[in-house]
Structures are given as structure tokens and as C-alpha cells.
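Some notes on the structure that comes next.
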Amino acid sequence: IIIGFRRRSSRKSLAEAPPKTATMGLKKNANDGPVCTFVKGGLTGFIEAIICYPTEFVKTQLQLQSKSNPEYAGMADCAKKTIAKHGPTGLYRGALPLILGSSGKQAARWTGYETMANALKDDQGKLTIPK
């Protein structure tokens with residue numbers, strides 16, 4: 001009967017191993033230019049708008065309904081009735097201007113930040129404010 005075994009390894013213990021940093025999404029490369037930064041910013045704005053818009057749509061529908069004869073009992077009821085009437089894409093009615101605007105806004109922000117950060121880096125690559 002084998003009760004257990006110990007696997008020998010040349011790897012360092014966890015305490016000796018160098019710390020690893022967690023990264024998510026698109027990694028930053030040293031050779032990323034303004035076009036790449038612009039595209040990454042645009043994708044960020046697009047994803048943000050796609051995720052957040054249904055909640056904003058439902059909130060707006062609840063705010064605009066009649067106070068004396070409300071059509072919806074709450075957020076879940078509004079979403080359920082919208083999906084029943086217009087399908088899942090009904091939650092995205094009117095989303096195009098917000099999606100385009102958010103994408104452009106984030107693209108400009110990312111590009112502006114990266115451009116200024118690169119302009120302010122010193123010889124060692126550290127971001128410092130000139131004195």
C-alpha cells in the first residue's frame with residue numbers, strides 16, 4: 001500500500017521564488033506607439049459602455065415612466081419586460097452614441113496620458129515632474 005510520496009524538485013520554495021505580478025488584459029509593451037495606445041483606449045471605452053449600458057437603460061426607463069400609472073415595478077421587471085418585448089438587444093436601444101462617445105473619450109485619455117507620461121520620464125525611465 002502506497003500511503004504517499006514526495007516529489008523532488010529543483011525549484012525554489014515559494015519563500016525563495018521571486019514575486020510575480022498579476023496582469024490582466026492587454027500587456028503594455030515598451031514599443032507601444034500612440035496608435036496602439038489609442039486602440040487600447042478605444043477598446044476599453046467600448047467594453048465599459050457595453051457592460052454598463054443595460055443598467056443605465058433600465059434606470060432611465062424607470063425615471064421616465066409615469067408616476068401616477070407606473071409601467072414597471074422595479075429594475076428587474078423593467079429588464080424582463082424590455083427583453084420580452086424587444087429581445088435581449090432591446091436593452092441596448094439607443095446605445096450607439098454612448099458606445100462611440102465612450103470609445104473616443106477613453107482613446108483620447110489613454111493616448112494623452114501615455115504621451116505626457118513619456119514626455120515627462122527622466123533618463124532612468126521614471127516618471128518625474130520637472131523642477
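Closest approach of Ile99 to Ser103, counting heavy atoms only: O-OG, 2.8 Å. Shortest non-hydrogen contact noted between Leu91 and Val58 is CD2-CG2, 4.0 Å.
Atom NZ of Lys59 is separated from atom CD of Glu56 by 4.0 Å, given to the nearest 0.5 angstrom.
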Could you pull out every donor-acceptor pair under 3.5 Å between side chains of residues 70-78 and any protein atom, sequence neighbours left out?
| unit_1 | atom_1 | unit_2 | atom_2 | d |
| --- | --- | --- | --- | --- |
| Asp77 | OD2 | Ala73 | N | 2.8 |
| Asp77 | OD2 | Lys81 | NZ | 3.4 |

Identify each donor-acceptor pair in which a side-chain atom of residues 43-51 lies under 3.5 Å from a protein atom, sequence neighbours left out, and give them as a table.
| unit_1 | atom_1 | unit_2 | atom_2 | d |
| --- | --- | --- | --- | --- |
| Thr44 | OG1 | Lys40 | O | 2.9 |

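Partners of Tyr53 according to the side chain to side chain contact (heavy atoms under 4.5 Å, CB included) rule, which considers only residues two or more places apart in sequence or in another chain, are Phe57, Tyr92, Ala95, Leu98. With sequence neighbours left out, Leu127 forms a side chain to side chain contact (heavy atoms under 4.5 Å, CB included) with Tyr113, Ala117, Leu120, Lys121. Remark: Lys80 engages no residue in a salt bridge (charged side-chain N to carboxylate O under 4.0 Å, His left out) (not counting sequence neighbours). Residues passing the side chain to side chain contact (heavy atoms under 4.5 Å, CB included) test with Ser68, sequence neighbours excluded: Ser66.
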